[in-house]
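As structure tokens, the structure follows; a few thoughts come after it.
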Amino acid sequence: MSLVVQKFGGTSVGDVEKIKNVARRVAASKKRIDHVVVVVSALGDTTDRLLDLAGRVSASPPEREMDMLLSTGEQVSMALLAMALEELGLDAVSMTGQQVEILTDTGHTKAKIRHVGADRVIQELRKGRVVVVAGFQGVTSEGEITTLGRGGSDTTAVALAAALHADCCEIYTDVDGVFTADPRLVADARKLARISFHEMLEMAVTGARVLQSRSVEYARNYNVPLVVRSSFHEGEGTWIVSEDEIMEKAIVSAVTHDFDEAKVTVMGVPDRPGVAAGLFGSLAEANVNVDMIIQNVSEKARTDISFTVSKSDLDKVRTVAGRLADELGAAGTDFDSEIAKVSLIGAGMRTHPGIAAGMFRTLADNDINIEMISTSPIKISCVVRRADGENAVRALHEHFHLEVETE
Ligand code: ASP
Ligand code: MG
């Protein structure tokens, strides 16, 4: 018995014609696959429009109500797609996150999936139906509706694929696959045939928008074969696979960028145990994801701590950091939204020294100043001025010859 989970993103279901197109594609799949589960995102820019509406009603809407609002987007697309499938003569049924039993924690607007109870989905599949599931949404054990963070439909799809032991999870989107850099910035960016889970995860957390990072983590943990491909044509797409399936590891696989982060500095905090724990503990409690962190030792037992957060969390961070700065007697706080984070990703970096030096040299040769650096075994990220962001990406792509195939 074959079983595939297919996820269609917002642009793939952007209007009625596109929904019908997706229905035709699903119908074609159903001819060769025994069981098809489809996960949909909200139509086009629905989620952005809902966020905008909320913002016009309230400066800080309660997160529970945000989830009540945002989860409506996917409910529209799931019902319309199920209708379109019925129209083509297929037996289809749509289901909300609650009906599927996508149980999450209580972290409204970025909830994490705790458990997927797919019994009802299985029952429906056994009746020969295509099951269309609303992405991005779940429910707490108290019955409260949650959402999984921007791009969360990817995670819904992978989590379902894992729970159903699907043969694979196909992510259909408006791009042809995963590229060596954003093709909108780099003209000769190349589509990758394959990339490892670990590299894809680093790409996702450093700004590649094609997959939500949590979906990649989930796929890696549960070994779900994952493919990203175009919803508009039959192209091969990019497979995300475990590392030992890739024989010839590229030293550098991709350059990513994130222009949506801001840098926060808390200046002149006492250099003693517990300060960082207090600051980042409070940020975690406020459900803020902190990315890069740098602590500079300065004079007189005081230190500056800088870190980056998503611009969308900046208001929360202002409150938390401001309060802590007061409590600690810090010299002040600084918030800088004019930054860009550029990153190099590559599994081969582990065994090839000198990649970081090459990155810093390339930036220097282009007169780009580096403000923060962070590394992992397969990633180097630099924060630069926002105005240098595009140039940095292009220069690095060129320097490391990413347009040339290595595998
Ligand atoms: N509609 C949600 C968003 O725009 C979830 C998704 O598309 O995956 O973030
Ligand atoms: Mg998406």
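Order of listing sets the numbers, starting from 1, for every ligand and every atom in it.
- Under 4.0 Å is where a charged nitrogen must lie from a carboxylate oxygen, and between R385 and D336 at least one such pair does.
- Environment of NZ in K127: crowded, with over 12 heavy atoms of neighbouring residues, nucleotides or ligands closer than 6.0 Å.
- Under a 4.0 Å N-O distance rule, the pair D313/K110 qualifies as a salt bridge.
- Taking the ring centre of Y172 as origin, the terminal cationic atom of R25 falls outside the region bounded by 6.0 Å and 45° from the ring axis.
- Taking every heavy atom of R150 and a limit of under 4.0 angstrom, the matching atoms of ligand 1 come to 3 (C), 4 (O), 9 (O).
- When A42, G73, S153 are ranked by how near their heavy atoms come to atom 6 (C) of ligand 1, first place goes to S153.
- Residue Q212 does not touch ligand 1, judged by heavy-atom distances below 4.0 Å.
- If you number the atoms of ligand 1 from 1 as listed, the ones under 4.0 Å from a heavy atom of G151 come out as 3 (C), 5 (C), 6 (C), 8 (O), 9 (O).
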For residues 216-225, dump all side-chain donor-acceptor pairs below 3.5 Å to protein atoms at least two apart in sequence or in another chain.
{"unit_1": "N221", "atom_1": "ND2", "unit_2": "E217", "atom_2": "O", "d": "3.4"}

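- Among the atoms of D154, none of the N or O lies under 3.5 angstrom from an N or O of ligand 1.
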